[in-house]
Amino acid sequence: MDGKERKIKSAEYEAVVSAGPHLRRLQQAHAHLVVTGCHRSRALLTKLLTLSCAAGSIAYTRRLFRSVSDPDSFLFNSLIKASSKFGFSLDAVLFYRRMLLSRIVPSTYTFTSVIKACADLSLLCIGTLVHSHVFVSGYASDSFVQAALIAFYAKSCTPRVARKVFDEMPQRSIVAWNSMISGYEQNGLANEAVEVFNKMRESRVEPDSATFVSVLSACSQLGSLDFGCWLHDCIVGSGITMNVVLATSLVNMFSRCGDVGRARAVFYSMIEGNVVLWTAMISGYGMHGYGVEAMEVFHRMKARGVVPNSVTFVAVLSACAHAGLIDEGRSVFASMKQEYGVVPGVEHHVCMVDMFGRGGLLNEAYQFVKGLNSDELVPAVWTAMLGACKMHKNFDLGVEVAENLINAEPENPGHYVLLSNMYALAGRMDRVESVRNVMIQRGLKKQVGYSTIDVDNRSYLFSMGDKSHPETNEIYCFLDELIWRCKDAGYAPVPESAMHELEGEEREYALRYHSEKLAVAFGLMKTGDGVTLRIVKNLRICEDCHSAIKFISAVMNREIIVRDKLRFHHFREGSCSCSDYW
DNA sequence: CTAGGGTTAG
């Protein structure tokens, strides 16, 4: 009898398992259980539950759950785990609450799942409450729970709390290290991420591929090519197998650190790539202005049978915009909808406006904007349109666009600067003053621009008019001399209206000591002939600096690569890779 | 009987 029953159960179990994560087959299997009278078996129901969750049907999962009269801890754990794992994070939290209400004691498995769900939703308050349950349950020193908590606090934008959990761990698993590094990186704290990475190595913990993926992202933020190359050597030397995630991080790092050649080398070393890797390569070419190469990679990717997605199209359209490939961009935009069924989102719209704008088709850009719904008129669309107005000197339209921009996002100080610039360019100086007053009134401060440059494995940071550097005098003298030489070669300072609060000589002074110029001067002083300068700027490069650096590249016969907020500028022999469209 | 964890890419 026992043997027979086990055999029957096993057959039923097999029926459920073989249905796999497919809703209709699971429903058939369930119906079969009802017919054979096995529908009250907890074991089978638990299996059915996790599979229906995996099938993506939370509704059916809930129905199955309701059919269980007295769920046990096993069932709750499976349910919370599955719903958290397959993206039904809110349900995971609700099931957790139900579990507590049913007076079932959570385990470490329950906690890891529910904390992950809170992390995915950035539910800081609820996650913190769960953390208190962790303390009460006595699991505060469980390494799995701790790693989950670190990731949770980081994803809830509280990296300092994550660090507190991390610091209080006597023994740190590699995942805890990785969570902390990635947590800093995701919060834009690249230096802190690198600092933890160094500490990890001091603690003799061997980094794995997940570690490197996060550190490479941090390196991309910093734009430090030397550090990136060193990391690359580390990875190769460590014997870690190159997987597609790691390769993608490398491609992205090399691109964002200004060495698209090395990005390309990593890309071509991979035999198999998925859509993410291909997209990274397209995006890398695009941000350096290599539109033709980006399109080539895009076509090759399609020929290989890799299906482009929404992110791929952002990369392709952005590459077209930055390289002036308007006809290509138009046809890609059409095929995106028609052939691939990708619905254009705000990011694609921004690319199109940008592309028309840069390409000199101001009217077409504006027609495109006017064709959008009101909820699609996000700040980025207005910013792109504004760039087009500025480039084509249509200041009246520019003023209108800038006013729309402020209405769309009144709390962003950068927009006021743009509006004020437009007023100045349109000759409405009275308005310039009033915009400034509004900014003061609303307590908005202009974002401080800064530039960094690496020399001898050290990173140096400059901000406008900065005098904190020990060699300030030498740098300023060198720069003055350099500017004179540029002026002899034909350079004329471009007045920037962002400096509207300054007049005459004072204005030129502020302009002359912009952070990127200081970084360039410093780089020239500290490196030998033939060494390429690589500078990273947090904001967009201004027109005057762009012009000055073109002259510097000619006068000093140096290649200078500047990464600004949007793209790369390769200055060489007096011209820039962006063809002065940026 | 039923499952089993936390970190990583465009």
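Heavy-atom basis, side chains included; hydrogens, waters and symmetry copies ignored. In what follows, chains carry the letters A, B, and so on, assigned in the order in which the sequence lines appear, proteins first and then strands, with residues in each chain numbered from 1.
Checking the phosphate oxygens (OP1, OP2) of dT8(B), a side-chain nitrogen or oxygen of Ser182(A) falls inside 4.0 Å. Taking 4.0 angstrom as the limit, Lys81(A) places none of its side-chain polar atoms (N or O) nearer than this to OP1 or OP2 of dG5(B). At dT8(B), one or more side-chain N or O atoms of Gln186(A) fall inside 4.0 Å of OP1 or OP2 (strictly under the cut-off). A close approach under 4.0 Å does not occur between any side-chain nitrogen or oxygen of Tyr139(A) and OP1 or OP2 of dG5(B).
Between the side chain of Ser173(A) and the base of dG6(B), at least one donor-acceptor pair of N or O atoms lies under 3.5 Å.
Looking at heavy-atom distances under 4.0 Å, Ala151(A) makes contact with sugar-phosphate atoms alone, never a base. Within 4.0 Å of Ser143(A), counting heavy atoms only, lies at least one base atom of the nucleic acid. Lys155(A) comes within 4.0 angstrom of the backbone, heavy atoms only, and of no base. Within 4.0 Å (heavy atoms only), Asp142(A) reaches at least one base atom of the nucleic acid. Counting any heavy atom pair closer than 4.0 Å across all strands shown, Val275(A) reaches a base atom. Residue contacts for Asn243(A): at a heavy-atom cut-off of 4.0 Å it reaches no nucleic acid atom on any strand shown. Using a 4.0 Å heavy-atom cutoff across all strands shown, Ser113(A) reaches no nucleic acid atom at all. Nucleic acid contact class of Thr211(A) (heavy atoms, under 4.0 Å, all strands): none.
Electrostatic pairing of Glu296(A) and Arg264(A) does not count as a salt bridge here, judged by no charged N lying under 4.0 Å from a carboxylate O.
Residue Asn252(A) contributes atom CG, which lies 7 Å from atom C1' of dG10(B) at whole-angstrom precision. To the nearest angstrom, C1' of dA9(B) lies 15 Å from CZ of Phe254(A). Rounding to whole angstrom units, CZ of residue Phe152(A) and P of dT7(B) are separated by 13 Å. Atom CG of Leu149(A) and atom C1' of dT7(B) are 14 Å apart (whole Å). For the pair Met180(A) CE and dT7(B) P, the computed distance is 14 Å after rounding to whole Å. Regarding Phe298(A), its CZ atom lies at a distance of 14 Å from the C1' atom of dG10(B), rounded to whole Å. Atom pair Met301(A):CE and dG10(B):P shows a separation of 15 Å (rounding to whole Å applied). At whole-Å resolution of the value, CZ in Phe144(A) and P in dG6(B) are 9 Å apart.
Side-chain rings of Phe298(A) and Trp278(A) stay apart, their centers remaining 6.0 Å or farther from each other. Taking the six-membered ring for Trp and the full ring otherwise, Tyr153(A) and His131(A) have centroids separated by under 6.0 Å.
Stacking of the aromatic ring of Phe212(A) onto the base of dT8(B) is not found under the criterion of centres within 5.5 Å and planes under 30°.
Closest to the Val245(A) side chain, of the nucleotides dG10(B), dA3(B), dT8(B), is dT8(B).
Aromatic ring pairs are classed by plane angle as parallel below 30°, tilted from 30° to 60° and perpendicular above 60°; the pair His288(A) and Tyr290(A) is parallel.
A donor-acceptor pair shorter than 3.5 Å cannot be found between the side chains of Ser249(A) and Asn252(A). A donor-acceptor contact under 3.5 angstrom links the side chains of Thr110(A) and Ser107(A), judged on distance only.
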